[in-house]
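Every chain is numbered from 1 and lettered A, B, ... according to where its sequence line falls, protein lines coming before strand lines.
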Amino acid sequence: MRVRIIPRSPGTPQAQMSVITRFAPSPTGMLHIGGVRTALFSWLWARHNGGRFILRVEDTDRERSTGEAVRVILEGMKWLGLDYDEGPYFQTQRFDRYREVIAGLIERGLAYRCYCTKDELETMRAAQLARKEKPRYDGRCRERREPRAGVEPVIRFRNPQDGDVLVEDLVHGRVTFRNRELDDLIIARPDGTPTYNFCVVVDDADMKVTDVIRGDDHLNNTPRQINMLRALGAPLPRYAHVPMILGADGAKLSKRHGAVSVLQYDEDGYLPDALLNYLVRLGWSHGDQEVFTREEMIAKFDINDVNKAASAFNPEKLLWLNQQHMMRSDPQRLVPYLEAQLARLGVQGAAPDLLTGIVRAQRERVKTLKEMASASRFFFADSMELDPVVAAKHLTGEARALLGVLRERLAALGEWTAPALHATLEAFARERGLGLGKVAQPLRVALCGGTVSPPIDVTVALLGRERTLARIAAQTGQSLRPIGAGTRHGWAEFDIISGALGR
RNA sequence: GCUCCCUUCGUCUAGAGGCCCAGGACAUAGCCCUCUCAAGGCUGUAACACGGGUUCGAAUCCCGUAGGGAGCGCCA
């Protein structure tokens with residue numbers, strides 16, 4: 001359901017302000033796809049409007065923040081190509097600023113020192129819960145003047161007690177909160193360090209953020225933040241609370257379903273654009289279009305069109321999109337990704353032309369670059385393995401004899417190209433009254449070690465003359481060396497030989 | 001417990017009162033193509049959470065109910 005209000009939050013006079021968005025992750029857990037989608041929406045909205053995008057790391061929880069999580073955020077953004085115009089800012093480096101603002105609030109009576117102990121607050125909460133009330137601070141220190149011996153006070157914001165706060169949300173429409181439901185939240189701990197809701201408000205105001213796009217778990221925080229923004233005399237941003245992403249099972253995103261570091265998707269062989277494409281379609285759509293380039297996303301994305309309901313993560317569709325992006329992109333562009341995946345399998349230094357050829361041949365038959373790498377190992381001599389069961393079925397005595405003759409024919413072939421090879425193979429089969437399959441399949445097994453590969457002509461062309469002839473020879477006894485038919489030992493020996501011949 | 005939010009095929013979604021006995025996509029089933037595997041093409045199965053209203057007419061507007069989620073921290 002679309003929300004068509006284009007709100008200018010009350011008290012926001014500025015007319016043509018350009019859009020400034022920010023992504024504000026906290027480094028207490030790994031950046032996962034939930035966070036990435038929020039980042040994506042913020043980034044898209046800024047880029048769509050020709051505005052600015054800021055990265056701000058909310059690391060005020062010094063106990064739980066980790067350097068590793070910060071690293072994942074930074075590297076993840078880089079891998080995804082979500083570039084920022086400002087930042088990364090770190091809240092821990094802005095403590096002086098927060099202290100200054102807090103002092104100002106206290107001075108103006110908009111914040112006050114609270115001497116209640118944690119135990120007292122706990123008792124109060126328990127009593128409220130017992131009365132079936134919403135637990136909230138009762139304001140007992142609101143008018144207190146005197147310090148309490150032995151207690152370092154916290155600072156609380158003096159929230160208005162009457163009236164309503166209206167949130168004009170870009171995705172939810174107007175949401176009303178009663179101030180009487182809110183309480184005086186703590187904005188600084190006894191040691192003076194500020195708390196989350198306060199830092200957000202100061203930062204968003206200082207950084208002149210115009211559009212706050214974040215998970216809808218923050219919707220409940222918004223009225224408090226609006227009250228603080230007003231106390232600070234700052235203009236209100238627009239808000240867009242986007243729905244959360246659920247695991248594939250419909251439950252909250254867990255480690256089992258997608259709540260892994262975003263960098264894992266790189267390792268697993270996904271293209272950043274495919275991941276982004278998948279994520280943008282969670283909660284947003286543009287007619288019936290499923291596949292978007294980065295440029296199309298920027299051109300067509302509109303935060304006003306984002307859905308309100310949470311959506312479940314569907315790994316299958318991600319896979320499909322990844323393949324779509326592989327098939328549509330320039331093969332050259334995929335080469336570095338394929339190289340990285342091959343390196344993980346121990347294959348290095350492959351010729352660029354071969355890699356481009358492999359991409360062209362494989363991308364429509366694999367879902368990820370990782371799969372592409374493992375399905376292409378046989379192109380590299382020292383990775384060839386023959387499945388004994390497959391060999392027994394396809395490399396019969398008859399088949400080997402056939403391959404022996406074929407080898408001579410191929411050896412005599414002048415032009416080693418897919419079309420020439422295709423013509424040769426077809427003619428060879430026809431002469432013998434065989435279907436192409438009767439020739440192609442044994443050949444495929446002899447060359448690849450398995451029953452699956454790109455079209456046989458393409459496979460043979462990419463494999464090259466030397467390796468092709470050597471591998472056939474290994475199966476027909478045409479080799480000079482005795483080779484144990486398909487045993488590990490035999491192949492290892494063969495590999496060394498053809499490795500020298502290949503390339 | 002209180003407050004706020006959400007609800008169309010298994011999943012992602014289209015849908016702004018008649019264009020909808022609900023369209024697209026993934027997945028799934030069948031067929032076609034075919035040297036394997038794919039890709040591609042065609043066809044099929046499959047949804048408006050429920051109940052009341054409003055209206056000539058409701059997936060769409062209103063009110064309830066149920067289910068789900070979030071918040072109520074000296075976490076972010």
So the side chain to side chain donor-acceptor pair (under 3.5 Å) pairs with at least one residue in residues 270-282 of chain A (sequence neighbours excluded) are Asp273(A)-Arg294(A), Asn277(A)-His325(A), Arg281(A)-Glu290(A)

Please state the P separation for the pair G40(B) and A25(B) - nearest whole angstrom. 11 Å

query: Side chains of Tyr98(A) and Gln91(A): closer than 4.5 Å at any heavy-atom pair?
result: yes

Pairs under 3.5 angstrom only: tabulate donor-acceptor contacts from the side chains of residues 159-167 of chain A to other protein residues two or more places apart or in another chain.
from	atom 1	to	atom 2	distance (Å)
Asn159(A)	OD1	Asn227(A)	ND2	2.9
Asn159(A)	ND2	Asn179(A)	OD1	3.4
Gln161(A)	OE1	Arg142(A)	NH1	3.2

message = Whether the side chain of Gln289(A) and the base of G24(B) hold a donor-acceptor pair under 3.5 Å is what I'd like checked.
response = no

Of His286(A) and Val366(A), the one whose nearest nucleotide on RNA chain B sits closer to the 5' end is His286(A)

* Asked: With the threshold set at 4.0 Å, does a side-chain nitrogen-carboxylate oxygen contact exist between Lys308(A) and Asp216(A)?
  -> no

Would you please confirm or rule out a distance under 4.0 Å between OP1 or OP2 of U36(B) and any side-chain N or O of Arg365(A)?
no

Sequence neighbours excluded, the answer for side-chain hydrogen bond (donor to acceptor under 3.5 Å, both in side chains) partners of Arg180(A) is none

Separation of C2(B) atom P from Arg178(A) atom CZ, nearest Å, is 13 Å

Which side-chain N or O atoms in residues 419-428 of chain A pair as donor and acceptor under 3.5 Å with protein atoms at least two apart or in another chain?
from	atom 1	to	atom 2	distance (Å)
His422(A)	ND1	Asp457(A)	OD2	3.3
Thr424(A)	OG1	Ala420(A)	O	2.8

With a cut-off of less than 4.0 Å, is there a side-chain N or O of Asn197(A) near OP1 or OP2 of G73(B)? no

By nearest-heavy-atom nucleotide on RNA chain B, the more 5' of Glu133(A) and Ser311(A) is Glu133(A)

Is there a side-chain polar atom (N or O) of Lys317(A) under 4.0 Å from OP1 or OP2 of C12(B)? no

Between Lys367(A) and A39(B), is there a contact of a side-chain N or O with OP1 or OP2 at under 4.0 Å?
yes

Under 3.5 Å, which protein N or O atoms sit close to an N or O of nucleotides 70-72 of chain B? Give each pair with its distance.
from	atom 1	to	atom 2	distance (Å)
A70(B)	OP1	Lys252(A)	NZ	3.0
A70(B)	O2'	Asp217(A)	O	3.3
A70(B)	N3	Asn220(A)	ND2	3.3
G71(B)	O4'	Asn220(A)	ND2	3.4
C72(B)	O2'	Pro135(A)	O	2.4

When rounded to whole Å, the NZ to C1' distance for the pair Lys438(A) and U36(B) reads 13 Å

For C37(B), does either OP1 or OP2 sit under 4.0 Å from a side-chain N or O belonging to Gln323(A)? no

- A76(B) phosphate, OP1 or OP2, under 4.0 Å from Thr60(A) side-chain N/O: yes

List every contact pair, protein side and nucleotides 44-46 of chain B side both N or O, where the distance is under 3.5 Å.
none

Is Glu120(A) salt-bridged to Arg148(A), going by a charged N under 4.0 Å from an acidic O?
yes

Regarding Thr451(A) and His394(A), is there a side-chain donor-to-acceptor distance under 3.5 Å anywhere? no

Review point. Does a side-chain N or O from Ser453(A) land closer than 4.0 Å to OP1 or OP2 of U36(B), or not?
Key: no

Can you tell whether the side chains of Arg22(A) and Asp203(A) come within less than 4.0 Å, N to carboxylate O?
no

